[in-house]
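Beneath this line is the structure, given in structure tokens, with notes to follow.
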Amino acid sequence: MTPPPAKPAATSPKGCLITTPIYYPNAAPHLGHAYCDVAADVLARYYRSTGQTVLLLTGTDEHGQKIARAAADKGISPQAHVDEQSAHFRDLAATLTMSNDDFIRTTEPRHHHAAQAFWRELAASHAPDGQSNVYLGHYAGWYSARDETFFQESELVDGKAPTGAPVEWTEEATYYFRLSAWQDRLLAYFRQYPDAIQPASRRNEVLAFIERGLTDLSISRTGVSWGIPVPDAPGHVMYVWTDALVNYLTAIDFPDRDSQRFQQFWPAKLHLVGKDIIRFHCIIWPAMLMAVGLEPPQQVFAHGFFISGGQKMSKSIGNVVDPFELVRRYGADSFRFYVMSEFAFGQDGDFQEANLAQRHNSMLANDLGNLSQRSLSMLQRYLAGTVPSWPDAARLETADNALLTLASQNLPAYHQAMTELAYHRALELIWQVITAANQYVDTQAPWSLHKQGSARLPIVLRVLTEVLAWLSVLLTPFMPGSMAALQANLQLPSDRANLVALTSHQPLLPDGATLMPPTPLFPRLDLSTFGKDGDDA
RNA sequence: GGCGGCGUAGCUCAGUGGUAGAGCAGUGGACUCAUAAGCCAUUGGUCAUAGGUUCAAAUCCUAUCGCCGCCA
């Protein structure tokens, strides 16, 4: 009834394709990868809960000179190197309880097939000016292997790339993509769909960049062997970005445009990216897609980066945070909750482990965990754990209705926040209900009702358990593990544990279930060790 | 160097012309179902600085300082 998303899922053939970037496995996964995984997963779980069919993708981008060199340094083959490195990213997704439906590796045969097919289509296509989209040219310029990027002489700073990476003079035959011819189409597209690039500040940057004029893009290399061969062009392999972007199509059976998955999931609903790669996703990728006659993704959303303790994370400062270690210490759900609640998605944030622990205690243990514990303990103690029947509307008093109304009133704003990826706002709305529920416990004082033998007691406890079920559904995208535990404790049937059932105006919980005694959802952490010198490593 | 953003309570931030706000942290109180949690109350800010416009400025304008982003 309430969600703004216009199409009811049941009648909509379109699914939601949600992607993270495929990560470059030249180093261990870091906090930024974990952040993006979590954000994508929260959204995917949210849309599934609303009844939509979701395809959530992540993976690794395994080609390029940098990978080949790292492998050579280790004295192993590139394939052995990426096999080992890619596994860490797969582990990270699992560690974070990410519900990805697939994990794309660009070294897989299916991806080679898709990437080469994409190239062929691109090469056979024509730009708006009537010329071929791909042409053979000659490249002479500076190349930074670390950035996998070409730079012009004027872009160099002290003889190095703007990023500080060393560059080498490179002269070779190369295929170009006629990006310059797509400038007007791109501008028209982004002006027609203002939400296609978010946040707005990134959109403005992209538009400004396009307006200044685009130059054609070198899309093949000859000096590199670790890559996907360009079809019918011996000696050429695809530039790593040309290859990598196609991964989003690989997963949906490209080049088979008639396949059910392709039909269902393209165009992608959302590419989540770091702000460092928006140009690839907002200029090159849409242009290439238009070139082969495919729609650009509906939205590219650039998330922010973390700093730590007010400084950029770097190994030399020693403030690098290992996501595996954090999950080991606090659990996946606390980690997920912290990064989703503390920061405005799309803005940079200062990641501080002490704040994570603080938030775990104050919001998860004290507010939510204790609400659950006190409610279910009283149910256990006063009513032998039996869920009371849902009362007739006439028996509900002002306080009951006020709490239930607040919950349902916040729902439209919750949906809006979720669809806008304003996760912290969604959680704030949920917490209003949690706070109200704790106030409700105090004002209704079930312990007094019990002493008085009041008929109000089962009503109040049923309202509380129902609100807990409600909260568990809204919070499942953020904290799937803990909320599953809560739902098991409440004996919420799995077919009721979603946003479709929640908006049905029917109580979520079955009457009369007998619940087991509760166990604390989020045990409190001892914070006395924070603020002192040494964290244990 | 150009363009843009930001600078508000100890911390994270909301607030774009009309009496300075929220959460967390701190302090006090009443309660006791609960993870010594929760609830109620409360301390705390010359809104970066200096000018200007206005009856009225955190909000609009100018300059300066600091941080950040994009571009060159």
Side-chain angles (χ1 to χ4, degrees), chain A residues 151-157 162 197 199-214 274-279 282-283 302-307 309-312 334 338-352 354-383 399 422 424-425 427-432 434-452 457 460-461 464-465 468 482 486 517-528 530-531:
Chain A
F151 295 102
Q152 296 171 4
E153 182 80 41
S154 61
E155 292 180 279
L156 299 186
V157 179
I197 304 171
S201 54
R202 299 296 162 199
R203 173 176 181 269
N204 293 339
E205 286 175 8
V206 170
L207 285 175
F209 188 87
I210 300 174
E211 281 164 357
R212 236 174 263 120
L214 298 175
K275 60 185 183 181
D276 54 332
I277 54 174
I278 47 171
R279 206 179 298 171
C282 296
I283 298 176
H303 68 257
F305 286 161
F306 285 127
I307 56 174
Q311 295 177 293
K312 277 191 177 178
S334 277
Y338 174 67
V339 296
M340 291 289 93
S341 64
E342 174 113 334
F343 310 104
F345 197 64
Q347 292 176 19
D348 290 353
D350 192 349
F351 190 103
Q352 298 199 44
N355 291 350
L356 187 166
Q358 183 69 250
R359 207 167 259 267
H360 171 98
N361 273 3
S362 68
M363 296 183 77
L364 295 182
N366 295 354
D367 294 343
L368 174 60
N370 188 52
L371 173 67
S372 167
Q373 190 69 11
R374 67 199 304 212
S375 304
L376 297 178
S377 294
M378 287 189 280
L379 186 75
Q380 201 63 224
R381 187 197 278 216
Y382 303 147
L383 301 177
H424 67 302
R425 257 180 28 221
L427 287 166
E428 199 178 301
L429 290 158
I430 295 170
W431 247 256
Q432 285 179 9
I434 292 173
T435 299
N438 272 318
Q439 291 167 336
Y440 176 81
V441 174
D442 274 64
T443 57
Q444 300 310 301
W447 51 92
S448 297
L449 298 174
H450 174 250
K451 282 177 194 160
Q452 298 157 9
L457 179 65
V460 168
L461 291 182
L464 281 169
T465 47
L468 283 174
S482 321
L486 177 56
T519 50
L521 272 182
F522 303 98
R524 282 177 62 81
L525 300 164
D526 178 9
L527 300 189
S528 61
F530 281 102

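Lettering of chains follows the sequences in order, A, B, ..., and the numbering in each one begins at 1. All values reported here derive from a predicted model rather than from experimental measurement.
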Expressed as a whole number of angstroms, how long is the span from [X]:[atom1] to [N]:[atom2]?
X: A:Q432; N: B:A14; atom1: CD; atom2: P; answer: 17 Å
X: A:R212; N: B:G4; atom1: CZ; atom2: C1'; answer: 11 Å
X: A:L427; N: B:C13; atom1: CG; atom2: C1'; answer: 15 Å
X: A:R203; N: B:C3; atom1: CZ; atom2: P; answer: 21 Å
X: A:L364; N: B:G38; atom1: CG; atom2: C1'; answer: 15 Å
X: A:N361; N: B:A34; atom1: CG; atom2: P; answer: 20 Å
X: A:D350; N: B:C11; atom1: CG; atom2: P; answer: 12 Å
X: A:D526; N: B:A37; atom1: CG; atom2: P; answer: 12 Å

Using the [atom1] atom on both, measure [N] against [M] and round to a whole Å.
N: B:G15; M: B:G7; atom1: P; value: 10 Å
N: B:A50; M: B:A14; atom1: C1'; value: 27 Å
N: B:G18; M: B:G23; atom1: P; value: 22 Å
N: B:G21; M: B:G45; atom1: P; value: 13 Å
N: B:U53; M: B:A22; atom1: P; value: 34 Å
N: B:G38; M: B:A20; atom1: P; value: 31 Å
N: B:C70; M: B:U62; atom1: C1'; value: 25 Å
N: B:C6; M: B:U54; atom1: P; value: 26 Å

Upstream residue (5' side of RNA chain B) when A:A436 and A:L368 are each assigned their closest nucleotide: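 Looking at RNA chain B, the more 5' nearest nucleotide goes with A:L368.
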Closest-nucleotide ordering on RNA chain B, the 5'-leading residue of A:G349 and A:T443: A:G349
Report the residues that fulfil side-chain contact (heavy atoms from CB on, under 4.5 Å) with [X], sequence neighbours left out, ordered by chain and then residue number.
X: A:S482; answer: A:D333, A:M479, A:F522
X: A:E428; answer: none
X: A:A399; answer: A:Y440, A:Q444
X: A:N370; answer: A:R374

Counting only Watson-Crick or G-U wobble pairs whose two distances fall under 3.5 Å, which nucleotide matches [N]?
N: B:G26; result: B:U42
N: B:A48; result: B:U64
N: B:G69; result: B:C3
N: B:A58; result: none

Touch class at under 4.0 angstrom, heavy-atom based, for A:T435 against every strand present: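 Touches sugar-phosphate only.
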Heavy-atom check, side chain of A:V441 versus side chain of A:W447, under 4.5 Å: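 Yes, side chains in contact.
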Min side-chain heavy-atom separation A:I278-A:I197 under 4.5 Å: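 Sidechains of A:I197 and A:I278: no contact.
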Any donor-acceptor N/O pair, A:N361 side chain to A:R524 backbone, under 3.5 Å: no
Test item: A:H360 side-chain N/O and A:P523 main-chain N/O as donor-acceptor pair under 3.5 Å: yes
For A:H424, ring-ring contact (aromatic ring centres under 6.0 Å, His included) partners two or more places apart: none
Side chain of [X] (C-beta onward), nearest among [options]:
X: A:V441; options: B:C33, B:G38, B:C70; value: B:C33
X: A:F522; options: B:G69, B:C33, B:U35; value: B:U35
X: A:E205; options: B:C70, B:U35, B:G38; value: B:C70

Dump every N/O contact between nucleotides 21-32 of chain B and the protein below 3.5 Å, one line per pair.
none

Set of residues satisfying side chain to side chain donor-acceptor pair (under 3.5 Å) with respect to A:Q439, sequence neighbours excluded: none
A:R524 side-chain N/O to B:A37 phosphate OP1/OP2 under 4.0 Å: yes
Any A:R381 side-chain N or O less than 4.0 Å from OP1/OP2 of B:A34: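 Yes, within the criterion.
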Salt bridge (charged side-chain N to carboxylate O under 4.0 Å, His left out) partners of residues 443-452 of chain A, not counting sequence neighbours, each pair once: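 Every candidate salt bridge (charged side-chain N to carboxylate O under 4.0 Å, His left out) pair involving residues 443-452 of chain A fails, so no pair, neighbours aside, qualifies.
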Strand contacts (RNA chain B) in residues 369-378 of chain A, 4.0 angstrom heavy-atom criterion: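 Only A:G369, A:N370, A:Q373, A:R374, A:S377, A:M378 qualify.
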Closest heavy-atom pair and its distance - A:L457, A:Y382: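 Where A:L457 meets A:Y382 most closely, the heavy atoms are CD2-CB, 3.8 Å.
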